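Only one structure is covered here, and it is reproduced in the block below.
Since the structure is predicted, the reported quantities are computational estimates derived from the model, not experimental observations. Order of the sequence lines sets the chain letters (A, B, ...), proteins ahead of strands, with each chain counted from 1.
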Amino acid sequence: MLILGIESATSQVGCAIGGHEGVLASTHSSRGKRHAENLTPQIDFVRQQARVELDEISVVAVDIGPGLYTGLRVGVAAAISIAFGLGIPMIGVSSLDLIAYPARHCQKLIVAAIDARRDEIFHASYRQVPGGIQRVSDPTVSSPQDLSAEIQAQGNETLMVGDGAIRYADQFENLRGVEPAEPGSAYPSASSLVQLAHAKALREEFVNPSELKPLYLRKPDALEINKQRRRM
Amino acid sequence: MTQNLVLAIETSCDETAAAVVADGKNVLSSVVSSQVDIHARYGGVVPEVASRAHVDLITPVIAQALVEAGIDHSDVDLVAATRGPGLIGSLLVGVSAAKSLALVWKKPFIGVNHLEAHLYSCFLEEPDLELPLVVLLVSGGHTMLIAMDDHLSYKILGQTLDDAAGEAYDKVARYLGLGYPGGPIIDQLAVSGKPEIEFPRPMLHEGYNFSFSGLKTSVINYVRKNPGTPIEDIATSFQEAVVDVLVTKAKKAAIEINAKGLCIGGGVAANSRLREAVLDVCLQEGLHSFVPSRSYCTDNAAMVAAAAWRRYSQDGPSSLYTGADPNLRLPE
Ligand SMILES: [Zn+2]
């Protein structure tokens, strides 16, 4: 089983190919938010590095967010089109799961926080379980202050990860028992995506391209109406 | 041209569309999933709402286009998508989908200019239209008078200095409390009204540029001062003023450049009064007129396929690094 993983929910865009043998090739870029421009050539590059043909891919995994909507949609649109084009199933994984996953060997409560702009963060908490991590709270959007208060109230030994935790480090740095986020934990990686998707694929947790729903967590802002040049 | 079966995708605003067109003219399928009902609740297009809907609709619409065309994806020779102008979030969904399909199907990809696609809607039904042509491109985002000397060769003679024609319809309809989108609603009301109010014809004899903002203001002022006026009469009189300006300038341009014909395109080209007026003026002036079917005036992917086919035969494929450009201009 070969999995193509696509990840574009943050200011970074990346992809990876892997399966039973682990991750065969991966790439990412984070320059200038050129997600739509870069993603397709990246997939072609990773395919060549992994020495596979795209029609050998049997599952498309994609980061379903939460994250920056425009970038997120580039990845999701590409992923559903590839799955549709090849007639293969999909696996959706949350960006919060992806940034928590590399911290799976940590005994503390893991709080994954992604910058949601407008002075808010997307976040969820995780616990170590045999073989990986388990989410213990639903993904939510809130102010960094609210998250900080919640962490304090719970009083757990906590590890922060993600670009949201880094950007609003001042909100978390003086909390007792809280280990601040490292820069290396800022972004979801396509390699983690392929690894997590592989476990899900073994459990056959597949969806069809038309069933895959991005995790937006916010309603669209109707006040944005007509601010952009509208219909042609 | 060896690439004859084009699969095209259009997501520049609030219609998710896909089409399969052979040789740039034979439409095997043209599927349009309109989000107009969703946006009507907000009284206009909310970009984030549009982008989300495109993601939900894109693969079902493409699947339907292939099924209705009766082809398998292996029959597709070229995958095209509108890359601008339009709403950036919406455009990116179509461009990403088309590039991905091109990659996995090992077919060439081409990014298409939405304005060029509207121009090519004329050639879908009349592939042998004689050039030069004057095309009046009118929609909610654009009002342009274009001289087309040869295929893929244009000169913009004039455009709107403020509101687009479709935008004026929407704003007047909103002021009159008629709902959204304004074009079809006013068009419908105007059928039973009398064109008795003399609204101004802005810039009627001044070159080829347009201005509709002042007209909208006079309608609003008139309604304020004459609250009892039947709404149908306001609709008819407003529509007459818009159509008069559009057609007078288009006719003048066609005569000046010695055009063989006059065409219209864009969402406002679905307006019944404009269609009638264009046919009338062409008859008077001995011009060949071409008014595309309404379904090819509003946003659709068949026109994208037609433009893609022309562009591809001249310029070849686009790079897989192609992105979307919300401000893309018509190449002059
Ligand atoms: Zn249009």
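- Listed here is the closest heavy atom pair of L101(B) and S81(A): CD2-O, 3.3 Å.
- Both the backbone and the side chain of I80(A) come within contact range of chain B, judged by heavy atoms closer than 4.5 Å.
- Proximity to chain A is limited to the side chain of I58(B), based on heavy atoms less than 4.5 angstrom apart.
- Contacts between R52(B) and chain A at a heavy-atom distance below 4.5 Å involve backbone atoms as well as side-chain atoms.
- Contact detail for V74(A) and S96(B): the closest heavy-atom pair is CG1-OG, 3.6 Å.
- The candidate with the highest count of non-hydrogen atom pairs below 4.5 Å against chain B, out of A79(A), A78(A), G75(A), A77(A), is A78(A).
- The interface of residues 86-102 of chain A with chain B, defined by heavy-atom distances below 4.5 Å, comprises L86(A).
- Here the side chains of T40(A) and F109(B) are not in contact, with every heavy-atom distance at 4.5 Å or above.
- Counting heavy atoms of neighbouring residues, nucleotides and ligands inside a 6.0 Å radius, atom CZ of R294(B) exceeds 12 of them.
- Heavy atoms closer than 4.5 Å to chain B are found nowhere in E211(A), neither backbone nor side chain.
- Geometrically, R34(A) does not engage Y321(B) in a cation-pi contact defined by less than 6.0 Å to the ring centre and at most 45° from the axis.
- The distance from the CG atom of L72(A) to the OG atom of S51(B) is 11.0 Å, given to the nearest 0.5 Å.
- Interface residue L66(B): only side-chain heavy atoms are found under 4.5 Å from chain A.
- With a threshold of 4.5 angstrom between heavy atoms, T322(B) approaches chain A through N, CA, C or O but not through any side-chain atom.
- Annotation for P41(A) and L320(B): closest pair CD-O, 3.4 Å, computed over non-hydrogen atoms.
- Both the backbone and the side chain of V55(B) come within less than 4.5 Å of a heavy atom of chain A.
- Here the shortest heavy-atom pairing between H73(B) and G85(A) reads NE2-O, 3.8 Å.
- Using a 4.5 Å heavy-atom cutoff, the side chains of D55(A) and K106(B) are in contact.
- Using a cut-off of 4.0 Å between Lys/Arg side-chain N and Asp/Glu carboxylate O, R73(A) and E48(B) are scored as salt-bridged.
- Neither the backbone nor the side chain of A98(B) comes within contact range of chain A, judged by heavy atoms closer than 4.5 Å.
- Here the shortest heavy-atom pairing between A36(A) and L92(B) reads CB-CD2, 3.2 Å.
- With a 4.5 angstrom heavy-atom cutoff, K219(A) touches chain B only via backbone atoms.
- Interface remark: of the candidates I43(A), I82(A), T70(A), I82(A) forms the most heavy-atom pairs closer than 4.5 Å to chain B.
- Contact of the L103(B) side chain with the R47(A) side chain is not registered, since no non-hydrogen atoms from C-beta on lie closer than 4.5 Å.
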